[in-house]
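In what follows, a single structure is set out as structure tokens and then discussed.
Whatever order the structure lists them in is the order used to number ligands and atoms, beginning at 1. Please read all numbers here as calculations on a predicted model, not as lab measurements.
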Amino acid sequence: MENPDLTVDTEARSSGRIQRANSLAGDVYEAIFAQLMSLKIPPGSRITVDNLVREFDVSHTPIREALGRLEGEGLVVKTHLIGYRAAPQITRRRFDELYELRLLLEPAAAAKATAALDEERLAVLQEAAGVMARRVGKDERLRYSNFARQDAIFHDKIMELAQNELIRETLNHQHTHFHIFRLMYHSRVTEEALDEHEAILAAFAAGDASGAADAMRVHIENSRDRLLPAFE
Ligand SMILES: [Zn+2]
């Protein structure tokens, strides 16, 4: 599933089936996702279905469903006869490669997206950025994991506007945001990114293509520099 949120959206509208399934299975999925993103479940550690069953007081079915979905997102690894583990932390080399890839693709895409923007599309991007800023609920872990997901959506929407599906798929396929947010659980990761997103949106609003490319480059470079200490 390249774009879980968009897929669920479409399917839910057409059948209503996903919405029903969403209640319990979705909550369990979000809870485990939040534990993975905020490192409560550390990278590489064993995940025991029975323990999660006890912790969330649910049956095995929603736990297994959630773990299957997380496996598809590259966050959980299932090994025959051993069971589930949290995916290992990305290596420093992989981290450098991911950021090199992003710097090659995303600033140019931001410039290209500027041309495709109209008021309606800009409002969609502003809404996506706004959702990240809102401090909903008291659960910091959940807030952090929601931010990670919204950040993935925000960047993906820009790639969608840039209208190169191959580039978009390539970036989606890496599940970049899920891996990088899992490097460090810290408020700096989210707070500073918000200002940088604002700078990108300001360039979009001004119709400034090269400004948008610059703001995107700065955002990605800063994101890289914020997360580098995770490897020290
Ligand atoms: Zn971002």
Side-chain angles (χ1 to χ4, degrees), residues 2-6 33-34 36-38 73-75 90 94-114 116-117 121-136 140-162 164 167-206 208-230:
E2 295 301 328
N3 259 308
D5 299 274
L6 301 178
F33 180 74
L36 287 162
M37 297 309 273
S38 62
E73 292 173 335
L75 283 169
I90 55 169
R94 189 65 170 176
F95 176 84
D96 289 341
E97 288 172 353
L98 272 175
Y99 274 90
E100 192 178 355
L101 181 71
R102 292 190 70 189
L103 284 166
L104 284 170
L105 299 177
E106 291 192 58
K112 220 177 144 194
T114 311
L117 275 170
R121 286 165 169 169
L122 184 61
V124 169
L125 289 179
Q126 280 164 338
E127 166 66 19
V131 171
M132 283 179 259
R134 264 168 243 145
R135 295 172 166 273
V136 196
E140 276 300 312
R141 288 181 192 280
L142 211 53
R143 203 175 86 79
Y144 187 82
S145 66
N146 284 335
F147 189 98
R149 184 180 302 286
Q150 286 299 324
D151 191 43
I153 292 171
F154 177 73
H155 285 266
D156 181 62
K157 281 188 192 299
I158 294 171
M159 299 315 296
E160 185 182 6
L161 290 169
N164 183 321
I167 291 178
R168 190 181 171 201
E169 280 166 26
T170 303
L171 285 167
N172 266 330
H173 189 66
Q174 303 305 322
H175 302 294
T176 311
H177 298 263
F178 294 172
H179 289 299
I180 59 182
F181 275 86
R182 213 168 51 119
L183 283 169
M184 197 194 289
Y185 173 49
H186 197 287
S187 60
R188 242 192 106 200
V189 175
T190 54
E191 298 308 319
E192 293 180 11
L194 285 172
D195 292 336
E196 294 157 16
H197 287 171
E198 283 303 322
I200 296 168
L201 287 169
F204 280 152
D208 178 1
S210 72
D214 289 343
M216 181 63 86
R217 186 177 306 106
V218 166
H219 172 43
I220 296 171
E221 285 171 352
N222 288 352
S223 162
R224 181 193 60 201
D225 295 347
R226 276 193 289 275
L227 293 166
L228 266 177

| Side chain Tyr144, main chain Phe181, donor-acceptor under 3.5 Å | yes
| field | Under 3.5 Å donor-acceptor, Asn146 side chain and Leu142 backbone | value | yes
| query | Is the count of non-hydrogen atoms from other residues, nucleotides or ligands lying under 6.0 Å from Glu100 atom CD greater than 12? | reply | no
| So, are Lys157 and Glu160 salt-bridged, with charged N and O less than 4.0 Å apart? | no
| message | Using side-chain hydrogen bond (donor to acceptor under 3.5 Å, both in side chains), reason through His197 and Asp151 one step at a time and then give a plain yes or no. | response | CA-CA 9 Å; His197 287 171; Asp151 191 43; 3.0 Å; yes
| How long is the gap from CD1 on Ile220 to CD1 on Ile200, to the nearest 0.5 Å? | 7.5 Å
| note | Under 2.8 Å from the Zn ion (ligand 1), the protein N, O or S atoms found are Asp151 OD1, His155 NE2, His197 NE2, His219 NE2
